[in-house]
Amino acid sequence: MGKLVICDHPLIQHKVTFIRDKNTNTKQFRELVDEVAMLMAFEVTRDVPLTTVKVQTPVAHAEGQVIAGRMMGLIPILRAGLGMVDGVLKIIPSAKVGHIGLYRDHETLQPVEYYCSLPSDVAERELIVIDPMLATGGSANAAIEMLKKKGCRPTKLMCLIAAPEGVKAVQEQHPDIDIYLAALDEKLNEHGYIVPGLGDAGDRLYGTK
Ligand code: PRP
Ligand code: URA
């Protein structure tokens, strides 16, 4: 079973509280999501492999550690996943970004695919799937499945807020994926919204509805 990591750093928890608040406006919401994504990226990259190299300081020889292993790729699920990309890129600037377009049908709650554009070398990269909300898990599972079918290697799913139902669905369908969250909430309501959650992440990021 993949890891389930709740990023409980006080700065993240502080900002998530304001992200949840319905009085937070679109500009503030977007900025806070960007900041939390950047802070979460530290935890998401905690296990990247290092290799030892030698450098010459102005004083002496030194040994240091640099990042080794596979190059990374970020796969935001459109639309709301886009709100987290720039924050993560501040920490992993060399990552390439692919996009998967999925929306959740309001009646059936099933994900509907409408777009997929991936970097040419995506199969060689370690991929982080990004979406602020993990509700039923349908969208995340569909995105991970799409990537696997194309021979890619998604290893991590990064979300701001999840419902237990969504975590369980991903763990059951993709037990190889590590899940990183800023908060694990109580439940889904009858409309498939996370409770207490933050409402509709896409609408709050882009000021729609
Ligand atoms: C939201 C969210 C996830 C999905 C989560 O997207 O960003 O992609 O719902 O729900 P699930 O776990 O039940 O699939 P939405 O479909 O509202 O599209 P949007 O990002 O374009 O607003
Ligand atoms: N998508 C959202 O944006 N919010 C939820 O609570 C559930 C799905």
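For Arg30 (side chain) and Tyr206 (main-chain N/O), no donor-acceptor pair under 3.5 Å exists by modelled atom type.
To the nearest 0.5 Å, atoms OG1 (Thr155) and CG (Asp178) are separated by 7.0 Å. Here the straight-line distance linking atom CD of Glu172 with atom NZ of Lys168 works out to 4.0 Å at 0.5 Å rounding. A distance of 12.0 Å separates NZ in Lys15 from CD in Gln28, rounded to the nearest 0.5 Å. For the atom pair CG (Leu147) and CG (Leu118), the distance works out to 6.0 Å, reported to the nearest 0.5 Å. The structure places CG of Leu102 at 9.0 Å from SG of Cys116, a figure rounded to the nearest 0.5 Å. Taking CG of Leu127 as the reference point, atom CD1 of Ile75 lies at 4.5 Å (rounded to 0.5 Å).
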| field | Ile77 vs Ile130, side chain to side chain contact (heavy atoms under 4.5 Å, CB included): CA-CA, chis, key distance, verdict | value | CA-CA 6 Å; Ile77 301 178; Ile130 299 179; over 6 Å; no
| field | Worked verdict on Asp185 versus Arg20 for salt bridge (charged side-chain N to carboxylate O under 4.0 Å, His left out) | value | CA-CA 11 Å; Asp185 277 9; Arg20 290 184 189 278; 2.7 Å; yes
| request: Check step by step if side chain to side chain contact (heavy atoms under 4.5 Å, CB included) holds for Met72 and Ile128. | output: CA-CA 8 Å; Met72 282 186 245; Ile128 305 171; 4.2 Å; yes
| task | Could you go through the side chain to side chain donor-acceptor pair (under 3.5 Å) check for Asp105 and Gln110 one step at a time? | result | CA-CA 5 Å; Asp105 182 281; Gln110 292 304 305; over 6 Å; no
| Test side chain to side chain contact (heavy atoms under 4.5 Å, CB included) applied to Val48 and Thr45, step by step | CA-CA 6 Å; Val48 298; Thr45 53; 4.1 Å; yes
| query | What's the verdict on side chain to side chain contact (heavy atoms under 4.5 Å, CB included) for Met71 and Glu124, showing C-alpha distance, side-chain angles and the deciding distance? | reply | CA-CA 7 Å; Met71 303 284 279; Glu124 277 99 67; over 6 Å; no
| request: List the steps, then state whether salt bridge (charged side-chain N to carboxylate O under 4.0 Å, His left out) holds for Arg104 with Asp200. | output: CA-CA 11 Å; Arg104 206 168 68 142; Asp200 187 304; over 6 Å; no
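By the neighbour-count criterion of 12 heavy atoms within 6.0 Å, atom NZ of Lys90 is densely surrounded, having more than that number from other residues, nucleotides or ligands. The 12-atom threshold is exceeded at CG of Leu11, counting heavy atoms of other residues, nucleotides or ligands nearer than 6.0 Å.
Tyr180 and Leu82 fall within the same hydrophobic cluster, defined by Ile, Leu, Val, Met, Phe, Trp and Tyr side-chain heavy atoms under 4.5 Å apart, directly or through other members. Note on Ile92: it clusters hydrophobically with Val33, by side-chain heavy-atom contacts below 4.5 Å among ILVMFWY residues. If you chain together hydrophobic residues whose side chains sit under 4.5 Å apart, Leu134 and Ile6 fall into the same group. Tyr114 and Leu205 fall within the same hydrophobic cluster, where Ile, Leu, Val, Met, Phe, Trp and Tyr residues are linked whenever their side-chain heavy atoms come under 4.5 Å apart, directly or through other members. Hydrophobic clustering, with ILVMFWY side chains joined whenever heavy atoms are under 4.5 angstrom apart, groups Phe29 together with Met40.
For the pair Thr52 and Gln65, the tightest heavy-atom approach, listed with the atom from each and the gap, is OG1-NE2, 2.9 Å. The heavy-atom pair separating Gly137 from Ala169 by the smallest distance is CA-CB, 4.4 Å. Closest heavy-atom contact between Ala143 and Val129: CB-CG1, 4.4 Å. Nearest heavy atom pair, residue Ala95 against residue Leu89, reads O-CD2, 3.8 Å. Between Ala62 and Thr57 the shortest heavy-atom distance is CB-CG2, 3.8 Å. In plain terms, the two heavy atoms of Val36 and Ala182 that are nearest each other are CG1-CB, 4.4 Å.
A salt bridge links Arg79 with Asp203; the closest basic N to acidic carboxylate O contact falls under 4.0 Å. A salt bridge links Lys148 with Asp176: the distance from a Lys NZ or Arg NE/NH1/NH2 to an Asp or Glu carboxylate oxygen falls below 4.0 Å.
When each of Thr26, Asn25, Thr24 is checked for a side-chain contact (heavy atoms from CB on, under 4.5 Å) with Arg204, only Thr24 meets the rule.
Inter-residue side-chain proximity for Arg153 and Arg125 is flagged as unmet; no heavy-atom pair is nearer than 4.5 Å. Here the side chains of Ile177 and Pro154 are in contact, with some heavy-atom distance below 4.5 Å. Side chains of His174 and Glu145 form a contact here, defined as non-hydrogen atoms less than 4.5 Å apart. In this structure the side chain of Thr136 reaches within 4.5 angstrom of the side chain of Leu188, judged on heavy atoms. With a 4.5 Å cut-off on side-chain heavy atoms, Met84 and Pro76 do not count as touching. You'll find the side chain of Lys3 reaches within 4.5 Å of the side chain of Asp47, heavy atoms only. For the pair Lys96 and Val122, the minimum side-chain heavy-atom distance is 4.5 Å or more. Put simply, the side chain of Val5 does not reach to within 4.5 Å of the side chain of Ile179, judged on heavy atoms.
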